[in-house]
Amino acid sequence: MNKIIKIFIICIFFLTAQFAKAETIQGGVEFEWVNLSQKERNELVEKYKNIAINTRGLNFEGTGIKTHLKDQAHFETAGKIKAGIEEDENKFIAGFYRGGLLLAYGIVEKNNLRNAYYYDLFGNLRYVDYLEKDYGKYPCVSYQYNKKGKLIAKVYNLNKYDQFMYAPDGEFLGRWYQNTLYNQNGKATMGRSWF
């Protein structure tokens with residue numbers, strides 16, 4: 001399976017790609033991926049690959065996927081997303097768009113901050129992420145499984161805005177920074193929305 005298809009599967013649906021540029025995030029740290037030499041980017045890819053790929057992961061049964069195969073409240077959830085509600089008393093909610101059209105959504109339940117469940121608009125589970133730490137605590141490694149329990153990605157999360165993504169075999173799939181995915185050559189390849 002080629003790299004573009006893997007990225008599409010892992011990231012579900014994406015916004016349009018944004019142009020690459022250096023940006024400053026909170027705390028004054030500047031995003032320099034596009035300005036690094038190829039050697040420096042390769043070294044960072046290897047550094048985080050060794051962390052992500054060498055972590056054991058989770059037994060699939062521990063993800064709680066069997067009880068989340070269908071979101072019975074999918075109409076209500078889609079309505080909240082369209083109204084701009086990102087959180088309610090029980091969960092965090094994120095929409096995934098192409099253009100202005102809502103195509104899918106993700107949920108992190110407040111009583112289980114280690115799993116993120118991704119659904120199509122009909123409320124059918126597509127993917128589940130398991131985080132080794134509670135949602136919002138970084139750095140950490142996360143593992144993405146399809147609904148049949150197959151591991152499809154390992155991600156080293158530096159923080160909410162910056163993640164290095166790898167296939168289970170260690171192939172580098174890209175570096176997310178905010179809404180933009182960059183390849184190993186520093187080129188912006190696609191966009192996203194997140195929690």
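For clarity, every value in this text was computed on a predicted model and none was experimentally measured. Sequential numbering from 1 along the given sequence is applied to the chain's residues.
A side chain to side chain donor-acceptor pair (under 3.5 Å) with N42 is found for one member of K39, E40, E46, Q38 and no other, namely Q38.
Judged by distance alone, the side chain of T189 and the main-chain N or O of L181 form a donor-acceptor pair under 3.5 Å. Using a distance-only test at 3.5 Å, with no hydrogens or angles considered, no donor-acceptor pair links the side chain of Q163 to the main chain of Y156. With N54 contributing its side chain and N50 its backbone, the two residues share a donor-acceptor pair below 3.5 Å. Formation of a donor-acceptor pair under 3.5 Å by the R175 side chain with backbone atoms of M165 is not found in this model. Between the side chain of D120 and the main chain of G123, a donor-acceptor pair closer than 3.5 Å is present. Side chain of R126 to main chain of K147: no donor-acceptor pair is present (N/O by atom type, distance under 3.5 Å, no hydrogens or angles).
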Evaluate E109 against N90 for side chain to side chain donor-acceptor pair (under 3.5 Å), listing each step before the verdict.
CA-CA 6 Å; E109 298 167 336; N90 299 315; over 6 Å; no

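Using a 4.5 Å heavy-atom cutoff, the side chains of R114 and Y130 are in contact.
Of the charged side-chain nitrogens involved, at least one lies within less than 4.0 Å of a carboxylate oxygen, so that E76 and K80 count as a salt-bridged pair.
Counting non-hydrogen atoms of other residues, nucleotides and ligands closer than 6.0 Å to NZ of K70 gives a total above 12.
Y48 and F164 have their aromatic ring centers within a separation under 6.0 angstrom.
Both tests hold for K110 against F92: distance to the six-membered ring centre under 6.0 Å, angle to the ring axis within 45°.
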